[in-house]
Amino acid sequence: MPSDRPLPLGAVRLGSDAWLLRVDGAEQAASLATALRHGALRCSDVVPAATTVLVDGVEEPDELWRIVEGWDPTAVQAHAGELVEVPVIYDGADLDRVAAHWGVDVGGVVARHTGLEFVATFSGFAPGFSYLSGLPAEWAVPRLASPRSRVPAGSVALADRWCGIYPSESPGGWSLLGRTELAVWDLGRGEAPALLVPGARVRFVVA
């Protein structure tokens with residue numbers, strides 16, 4: 001049922017029961033998505049992205065606005081999702097380049113990467129591809145000047161402040177650290193083929 005209330009700044013209505021909420025960055029998007037899910041909002045889906053949250057199938061818009069107005073975007077959002085451990089063989093083609101960029105040796109790259117806890121912030125690019133946040137700003141890695149035409153499935157890679165695992169073979173311009181045999185997209189899982197759903201915590205370990 002449509003609401004007569006004015007839309008908050010940054011909200012765009014899509015059809016009769018969906019809204020696109022604009023925020024300042026992926027961390028705020030993940031935080032707002034968590035607030036909406038924990039706020040018992042009656043809707044069919046909440047989809048965070050890099051700078052937006054899509055809320056679909058909203059039954060009572062006033063409930064949506066109550067949660068949005070009560071959400072504190074400056075509050076640190078606790079991520080309480082499932083911890084997924086990802087074994088990695090660190091033999092990626094860009095290990096030396098990342099090491100030079102960080103000013104460490106290859107062992108230092110592995111130590112930094114396995115020493116972080118990432119969070120699956122949102123999904124995109126390809127089915128099962130999760131954008132994993134957690135890389136400090138000072139460790140941001142530039143994209144390749146020329147993307148590769150073929151990146152093997154299971155490749156573990158960095159770009160900017162993101163980490164990702166290629167769920168299938170595809171083109172890509174991220175720096176390759178290694179590979180994992182863990183399937184992050186498996187249609188055999190039935191209704192939940194993606195392993196790294198938004199909110200999941202991710203740690204990489206040496207295979």
Using atom types as modelled, flag every donor-acceptor pair under 3.5 Å from a side chain in residues 138-149 to any protein atom, sequence neighbours excluded.
unit_1	atom_1	unit_2	atom_2	d
R148	NH1	D94	OD2	3.0
R148	NH2	D94	OD1	3.0
R148	NH2	D94	OD2	3.2

Please report the shortest heavy-atom distance between [X] and [Y], naming the atom on each side.
{"X": "G173", "Y": "Y166", "value": "N-OH, 3.9 Å"}
{"X": "G164", "Y": "W174", "value": "N-CZ3, 3.5 Å"}
{"X": "V53", "Y": "A29", "value": "CG2-O, 3.4 Å"}
{"X": "R161", "Y": "L135", "value": "NE-O, 3.1 Å"}
{"X": "V106", "Y": "A99", "value": "N-CB, 4.1 Å"}
{"X": "I67", "Y": "G39", "value": "CD1-O, 3.5 Å"}

Shared hydrophobic cluster for [X] and [Y] (ILVMFWY, side-chain gaps under 4.5 Å):
{"X": "V151", "Y": "V86", "answer": "no"}
{"X": "L176", "Y": "I89", "answer": "no"}
{"X": "V197", "Y": "L182", "answer": "no"}
{"X": "V84", "Y": "V184", "answer": "yes"}

Is there a side-chain contact between [X] and [Y] (heavy atoms, below 4.5 Å)?
{"X": "P167", "Y": "L195", "value": "no"}
{"X": "D17", "Y": "D56", "value": "yes"}
{"X": "C163", "Y": "L158", "value": "yes"}
{"X": "T121", "Y": "L132", "value": "no"}
{"X": "D45", "Y": "L54", "value": "no"}
{"X": "V68", "Y": "W19", "value": "no"}
{"X": "W102", "Y": "V109", "value": "yes"}

Pairs flagged by ring-ring contact (aromatic ring centres under 6.0 Å, His included) wherever residues 39-63 is involved - sequence neighbours left out:
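Applying ring-ring contact (aromatic ring centres under 6.0 Å, His included) to every pair that reaches into residues 39-63, excluding sequence neighbours, yields nothing.
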Which residue pairs pass the salt bridge (charged side-chain N to carboxylate O under 4.0 Å, His left out) test when at least one of the two sits in residues 165-174, sequence neighbours left out?
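Pairs touching residues 165-174 that pass the test: R150-E169.
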Derivation of the side-chain contact (heavy atoms from CB on, under 4.5 Å) call for S170 and F125
CA-CA 10 Å; S170 68; F125 174 60; 3.8 Å; yes
Under 3.5 Å, is there a donor-acceptor pair between the side chain of [X] and the main chain of [Y]?
{"X": "S155", "Y": "P152", "result": "yes"}
{"X": "S130", "Y": "L196", "result": "yes"}
{"X": "R37", "Y": "V46", "result": "yes"}

Distance in Å, [X] [atom1] paired with [Y] [atom2], rounded so as to fall on 0.5 Å steps:
{"X": "T52", "Y": "L20", "atom1": "OG1", "atom2": "CG", "result": "4.5 Å"}
{"X": "R42", "Y": "E60", "atom1": "CZ", "atom2": "CD", "result": "5.0 Å"}
{"X": "D105", "Y": "D96", "atom1": "CG", "atom2": "CG", "result": "10.0 Å"}
{"X": "Q28", "Y": "L21", "atom1": "CD", "atom2": "CG", "result": "12.0 Å"}

Sequence neighbours left out, what passes salt bridge (Lys or Arg N to Asp or Glu O under 4.0 Å) with R203? Give chain and number order.
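With sequence neighbours excluded, R203 shows a salt bridge (Lys or Arg N to Asp or Glu O under 4.0 Å) to E117, given in chain and number order.
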Report the residue from V156, I165, D91 that forms a side chain to side chain contact (heavy atoms under 4.5 Å, CB included) with R179.
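Among the candidates, only D91 passes.
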Would V88 and L177 count as a side-chain contact (heavy atoms from CB on, under 4.5 Å) if you check the C-alpha gap in whole Å, the side-chain angles of each, and the deciding distance to 0.1 Å?
CA-CA 9 Å; V88 178; L177 299 186; 5.9 Å; no
Tell me every residue that passes ring pair (Phe, Tyr, Trp, His ring centres under 6.0 Å) with W162, counting only those two or more places apart in sequence or in another chain.
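So W162 forms a ring pair (Phe, Tyr, Trp, His ring centres under 6.0 Å) with F122, Y131.
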Please write out which residues are connected to L187 in a hydrophobic cluster, directly or through intermediates, given that two of Ile, Leu, Val, Met, Phe, Trp, Tyr count as joined at side-chain heavy-atom separations below 4.5 angstrom.
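ILVMFWY cluster around L187 also holds W185.
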What about F118 and F204, are their ring centers closer than 6.0 Å?
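Yes.
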